[in-house]
Amino acid sequence: MPENSKSPEQEQRSAAGAPSPREWGEGKDIAIVGGGIIGICAAAFLVEAGCSVTIFDRTGICEETSSGNAAAFAFSDVLPLAHKGMIKHLPKWLADPLGPLSIPPAYLPRLLPWLIRFWRAGAPAKYEASLAAQAGMMKLAETEWMGLLDRSGTRPMLREDGSLELYESEAEFRASLSGWAARERFGIGFRHVEGEGLAGLQPGLSPRFIKGTFVPSWKTVADPKLLGKAVWAYAEAKGARFERAGIDRVAADQDGATLTLADGTTRQARHLIVAAGAWSHLLARQLGDRIPLETERGYNTTLPRSAFDVKRQLIFSGHGFVITPLETGLRVGGAVELGGIERPPNFNRSKALLQKAQQFLPGLNPSGGREWMGFRPSLPDSVPVIGKASGSRPVVYAFGHGHLGLTQAAATARLIREIILGQVASVDLAPFSPQRF
């Protein structure tokens with residue numbers, strides 16, 4: 001074959017946006033800690049480049065937090081949580097344990113340093129920087145997800161019905177306008193609706209909702225667990241491997257990384273990717289990096305599909321939850337409980353969300369549901385950590401995506417691949433630096 005010609009496989013890779021092994025180098029031995037959607041997508045992108053990849057996870061592929069989320073590709077959700085003045089709501093959060101955002105009183109002393117960072121992240125300059133970083137990340141995420149869906153044959157699992165955000169008063173609607181103006185600056189399309197327009201987008205709504213905002217570009221997936229497993233099947237078919245194992249310790253030097261498993265055995269790798277969600281900061285600490293990660297504990301109930309005919313994802317921002325129609329049921333969930341990874345679940349929060357859903361959708365059948373709680377890894381400025389560990393060791397961090405892990409997984413995977421293979425990053429990595437804190 002002439003030097004300047006490409007094989008059919010190379011042509012296919014080039015058209016799909018995946019690098020060729022001959023371009024990037026073969027045989028890189030990479031360990032990924034975490035079998036959630038971030039780790040799954042990273043494995044797919046790396047094996048496409050000819051790398052040797054093994055995922056380690058204590059339970060399985062897409063079996064924990066990534067399995068039960070709200071199924072949204074929320075590419076228009078660019079607003080950081082650290083809005084100016086949000087800290088003023090703290091007394092109300094503490095007073096309402098079943099509200100949109102709650103903090104168990106006993107956990108408050110441990111959470112206080114994170115809350116101070118969260119408050120500081122709401123300063124105008126920092127807020128604008130986070131907004132710009134998220135907007136760039138979302139643009140990359142949409143491009144990379146569409147490519148990965150096509151390459152993995154999972155495009156049929158995509159739903160492009162848009163989303164409908166709902167308001168109960170003129171005051172609530174007006175309060176949302178600054179956020180929509182910020183989205184408009186980044187080319188995100190939407191339209192405000194009321195009356196017949198609102199009813200047409202979702203029949204059967206309670207009349208308490210007087211206005212809504214429809215985002216036509218919002219996407220969801222048929223089921224996040226099924227999607228994650230399907231993407232993994234694609235990665236596995238290309239050579240990615242999985243080992244079910246808890247990781248007790250990690251260490252690294254200039255030559256590679258050592259993983260000590262829960263059974264005391266060890267594994268060696270040339271590169272290590274830490275994508276263990278809400279547990280990632282514990283591994284980073286072993287490597288000398290203290291990253292202020294907290295846990296948004298999210299709750300939901302998945303009802304049978306027959307519970308109500310929901311046309312698209314409904315967003316009740318004033319109450320902090322969504323309702324998503326899935327292939328496998330109707331998912332009612334969201335809200336945030338900042339309570340760490342050790343406290344037992346408080347499923348009264350799931351029940352409270354379901355009661356609200358019955359009020360908002362009269363006729364909803366609440367029977368036959370499955371309750372669930374997951375741990376969303378959250379950083380104070382709402383921007384994930386994507387970058388190398390300190391000390392120039394062969395370790396890359398990829399965690400802290402909050403409630404946007406599914407949305408940003410393919411973009412994160414693209415950036416991880418570029419970091420490991422020494423390529424120019426698709427976006428400026430400075431806002432995502434693990435050393436920014």
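- The CG atom of Leu361 lies 4.5 Å from the CD1 atom of Ile323; values are rounded to the nearest 0.5 Å.
- A 4.5 Å side-chain heavy-atom check between Leu293 and Phe399 finds at least one atom pair inside the cut-off.
- A salt bridge links Glu128 to Arg185: at least one charged side-chain nitrogen sits closer than 4.0 Å to a carboxylate oxygen.
- Between the side chain of Thr407 and the backbone N or O of Ala72 there is at least one donor-acceptor pair closer than 3.5 Å.
- The distance from the CD1 atom of Ile103 to the CG atom of Leu338 is 5.5 Å, given to the nearest 0.5 Å.
- Contact of the Leu303 side chain with the Leu354 side chain is registered, since non-hydrogen atoms from C-beta on lie closer than 4.5 Å.
- Gly39 and Ala275 make their closest contact through N-CB, 4.2 Å (heavy atoms, listed as atom of the first residue, atom of the second, distance).
- Put simply, the side chain of Val310 does not reach to within 4.5 Å of the side chain of Leu364, judged on heavy atoms.
- The number of heavy-atom neighbours closer than 6.0 Å to CD of Glu170, taken from other residues, nucleotides and ligands shown, is above 12.
- Rounding to the nearest 0.5 Å places CE of Met373 at 6.0 Å from CZ of Phe347.
- Between Ala357 and Val332, the closest heavy-atom pair is CB-CG1, 3.8 Å.
- At a threshold of 4.5 Å between non-hydrogen side-chain atoms, the residues Ile188 and Phe75 do not count as touching.
- Looking at Arg349, its side chain does come within 3.5 Å of a backbone N or O of Val336 through a donor-acceptor pair.
- Ion pair Arg159/Glu327 not flagged as a salt bridge, since none of the NZ, NE, NH1 or NH2 atoms sits closer than 4.0 Å to an Asp/Glu carboxylate oxygen.
- Judged by distance alone, the side chains of Ser390 and Asp289 do bring a donor and an acceptor atom under 3.5 Å apart.
- Here the straight-line distance linking atom NZ of Lys211 with atom NE2 of His192 works out to 8.5 Å at 0.5 Å rounding.
- The backbone N or O of Cys62 sits nowhere less than 3.5 Å from a side-chain atom of Ser66 that would complete a donor-acceptor pair.
- Here the CH2 atom belonging to Trp372 is positioned 11.5 Å from the OG1 atom belonging to Thr301, to the nearest 0.5 angstrom.
- Between the Asn300 side chain and the Gly333 main chain, no donor and acceptor come within less than 3.5 Å of each other.
- The neighbour count for Lys356 NZ, taken as heavy atoms of other residues, nucleotides or ligands under 6.0 Å away, is above 12.
- Here the side chain of Ser382 pairs no donor or acceptor atom with the backbone of Pro80 at under 3.5 angstrom.
- Put simply, the side chain of Gln202 gets close to the backbone of Asp309: a donor and an acceptor are under 3.5 Å apart.
- In plain terms, the two heavy atoms of Ala42 and Ile32 that are nearest each other are CB-CD1, 4.0 Å.
- In this structure the side chain of Leu79 reaches within 4.5 angstrom of the side chain of Leu131, judged on heavy atoms.
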For the pair Ile419 and Lys388, evaluate side-chain contact (heavy atoms from CB on, under 4.5 Å) and give the outcome as yes or no after the intermediate values. CA-CA 8 Å; Ile419 292 168; Lys388 290 185 177 181; 3.8 Å; yes
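- Side-chain atoms of Ser378 and Glu296 include a donor-acceptor pair closer than 3.5 Å.
- Put simply, CD1 on Ile37 and NZ on Lys225 are 13.0 Å apart, with the number rounded to the nearest 0.5 Å.
- Judged by distance alone, the side chain of Lys229 and the main-chain N or O of Ile61 form a donor-acceptor pair under 3.5 Å.
- Side-chain contact annotation: Gln313 with Thr220, donor-acceptor N/O pair under 3.5 Å absent.
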Could you please spell out the steps behind the side-chain contact (heavy atoms from CB on, under 4.5 Å) verdict for Asn365 and Phe308? CA-CA 7 Å; Asn365 182 351; Phe308 198 92; over 6 Å; no
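- The closest side-chain donor-acceptor pair between Thr54 and Glu243, if any, does not fall under 3.5 angstrom.
- With hydrogens and angles ignored, the 3.5 Å screen pairs no side-chain donor or acceptor of Ser433 with any backbone N or O of Ala430.
- Contact of the Thr412 side chain with the Met137 side chain is registered, since non-hydrogen atoms from C-beta on lie closer than 4.5 Å.
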Given His403 and Asp77, is the side-chain contact (heavy atoms from CB on, under 4.5 Å) satisfied, shown in steps? CA-CA 10 Å; His403 59 286; Asp77 192 4; 3.3 Å; yes
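- Heavy atoms only, all atoms of each residue included: Glu144 and Ala411 are closest at CB-N, 4.1 Å.
- Using cut-offs of 30° and 60° on the angle between ring planes, the pair Phe209 and Phe316 is tilted.
- Annotation for Arg436: atom CZ counts as buried by contact number, over 12 foreign heavy atoms lying within 6.0 Å.
- A cation-pi contact, defined as under 6.0 Å to the ring centre and within 45° of the axis, links Arg151 to Phe45.
- The aromatic rings of Trp180 and Phe190 lie tilted to each other, with the angle between the two planes from 30° to 60°.
- Looking at every heavy atom in both residues, Phe375 comes nearest to Ala278 through CB-CB, 3.8 Å.
- Side-chain contact, Arg241 with Ser52: a donor N or O sits under 3.5 Å from an acceptor N or O.
- Using a 4.5 Å cut-off on side-chain heavy atoms (C-beta onward), Asp161 and Lys311 make no contact.
- Classification of Lys351 and Glu371 as a salt-bridged pair holds, one side-chain N sitting under 4.0 Å from a carboxylate O.
- Between the side chain of Ser350 and the main chain of Tyr299, no donor-acceptor pair closer than 3.5 Å is present.
- Using a 4.5 Å heavy-atom threshold, the side chains of Arg183 and Val215 count as separate.
- The existence of a salt bridge linking Glu337 and Arg376 is excluded, since no basic side-chain nitrogen approaches an acidic carboxylate oxygen closer than 4.0 Å.
- For Arg290, the CZ atom is loosely surrounded, since the number of other residues' heavy atoms within 6.0 Å does not exceed 12.
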Between Val193 and Leu164, is the side-chain contact (heavy atoms from CB on, under 4.5 Å) condition met? List the steps. CA-CA 9 Å; Val193 295; Leu164 181 61; 4.1 Å; yes
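- Pro345 and Arg297 make their closest contact through CA-NH2, 3.7 Å (heavy atoms, listed as atom of the first residue, atom of the second, distance).
- At least one donor-acceptor pair under 3.5 Å links the side chain of Trp145 to the backbone N or O of Leu406.
- No side-chain donor from either of Tyr167 and Ser317 sits under 3.5 Å from a side-chain acceptor of the other.
- Between Ser206 and Gln359, the side chains place no donor N or O within less than 3.5 Å of an acceptor N or O (distance only, hydrogens not considered).
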